Amino acid sequence: MQWELGPVAADQVQWWSRTARRLVLELRTDPEQSSETVTPELLDAWSNLIDRWSAEASAVPTFRWSAPVDDDQAEFLLHGLKQCLKLGDIDQFLTSDDIQRNRDFTVLLVESIIGGLEIEGRRCEHFADEMRDLLTTRN
């Protein structure tokens, strides 16, 4: 699939990247917090994207990113993000301000993955519904 993300203000990407890095670090340092789905491979995949997006967003006022991504890899990333959001302990690392500040970019991110997968003919209604529920129940 072709993954298209943006346009979005670069500062939103930077805020989200900082928060995401902090969460990845917490999940890496205390593996008992994470489920079996939140693997080192998943955290590595997300870390690579976070670093790439943060670097690109630092050079522009408006962030837009596009790259080919294997459909299975996109589903892996989406499912992993869902599992991270479902972790009960994750709330201890997120303030209400973190959640509010990062909600719009997180929604854009999820919609961009789902949209790309749907263009490829993958049925993603279950992901879309579950992610919407997870994102609206957080503060």
Side-chain angles (χ1 to χ4, degrees):
M1 75 171 225
Q2 187 68 22
W3 189 355
E4 304 279 341
L5 183 57
V8 63
D11 63 339
Q12 283 189 336
V13 178
Q14 296 294 12
W15 280 112
W16 186 89
S17 296
R18 280 191 216 68
T19 302
R21 276 192 193 102
R22 191 174 74 230
L23 292 174
V24 167
L25 179 62
E26 293 294 343
L27 291 169
R28 283 188 197 280
T29 57
D30 190 0
E32 290 188 22
Q33 293 182 78
S34 59
S35 70
E36 293 175 15
T37 309
V38 183
T39 63
E41 294 79 19
L42 176 71
L43 297 175
D44 289 346
W46 274 111
S47 291
N48 289 335
L49 287 169
I50 293 163
D51 291 344
R52 182 185 308 170
W53 295 339
S54 180
E56 289 184 26
S58 70
V60 295
T62 303
F63 174 81
R64 175 174 232 132
W65 179 81
S66 178
V69 177
D70 178 76
D71 293 359
D72 291 334
Q73 179 71 6
E75 283 191 22
F76 171 72
L77 291 167
L78 185 61
H79 182 68
L81 179 59
K82 180 183 78 169
Q83 292 304 113
C84 289
L85 291 173
K86 288 172 77 171
L87 292 174
D89 290 348
I90 207 164
D91 287 333
Q92 71 181 327
F93 308 117
L94 296 174
T95 66
S96 294
D97 286 344
D98 289 333
I99 293 167
Q100 288 301 100
R101 184 180 297 129
N102 294 298
R103 184 182 314 270
D104 289 345
F105 184 76
T106 304
V107 169
L108 178 70
L109 173 62
V110 167
E111 289 176 350
S112 70
I113 298 172
I114 290 171
L117 288 168
E118 287 176 341
I119 288 171
E120 295 298 314
R122 299 270 181 126
R123 304 215 26 114
C124 298
E125 293 88 3
H126 62 287
F127 276 131
D129 292 342
E130 288 180 60
M131 293 303 285
R132 271 189 218 97
D133 289 345
L134 281 169
L135 293 170
T136 56
T137 58
R138 298 244 178 236
N139 291 6

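Here the structure is a predicted model, which means the values were calculated and not measured.
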What closest approach, in Å, do Ala57 and Ala10 show between heavy atoms, and which atom pair accounts for it?
O-CB, 3.3 Å

Here the gap from Arg18 atom CZ to Asn102 atom CG, rounded to the nearest 0.5 Å, amounts to 9.5 Å

Give a yes or no on whether Ile50 and Trp15 share a hydrophobic cluster (residues Ile, Leu, Val, Met, Phe, Trp, Tyr; joining criterion: side-chain heavy atoms under 4.5 Å apart).
no

If I compare all heavy atoms of Ser47 with all of Val24, which pair ends up nearest, and what's the gap?
OG-CG1, 3.4 Å

In Å and rounded to the nearest 0.5 Å, what is the CG to CH2 distance from Leu27 to Trp46?
13.0 Å

Charged N-O contact under 4.0 Å between Arg28 and Asp44
yes

Is there a donor-acceptor contact under 3.5 Å linking the side chains of Ser58 and Gln14?
no

For a 4.5 angstrom cut-off between non-hydrogen side-chain atoms, does Asp104 reach Val8?
no

Identify whether Val60 and Leu109 are in the same connected component of the hydrophobic contact network (ILVMFWY, side-chain heavy atoms under 4.5 Å).
no

Minimum heavy-atom separation for Ser112 to Met1, with atom names?
O-CE, 4.4 Å

All heavy atoms of Thr62 vs all of Pro7, minimum pair found to be CG2-CB, 3.7 Å

Once rounded to the nearest 0.5 Å, what's the spacing between atom CG of Leu5 and atom CD of Glu56?
10.0 Å

So Arg101 and Thr19, do their side chains get closer than 4.5 Å, heavy atoms only?
no

Is there a side chain to side chain contact (heavy atoms under 4.5 Å, CB included) between Glu75 and Leu117 once you walk through the steps?
CA-CA 8 Å; Glu75 283 191 22; Leu117 288 168; 3.6 Å; yes

Just verifying a value: how many Å separate Leu77 CG and Lys82 NZ, rounded to the nearest 0.5 Å?
13.5 Å

Nearest 0.5 Å, please: how far is CD1 in Ile113 from CG in Asp71?
12.0 Å

Gln73 to Ala45 - nearest heavy-atom pair and separation:
NE2-CB, 3.8 Å

Can you name the closest pair of heavy atoms from Ser66 and Gln2 and give their distance?
OG-NE2, 2.6 Å

Roughly how far, to the nearest 0.5 Å, is the CD1 atom of Ile119 from the CD1 atom of Ile114?
12.5 Å

Is Trp16 reachable from Val107 through a run of hydrophobic residues whose side-chain heavy atoms are each under 4.5 Å from the next?
yes

Take the angle between the ring planes of Trp53 and Trp3 and call it parallel below 30°, perpendicular above 60°, tilted in between.
perpendicular

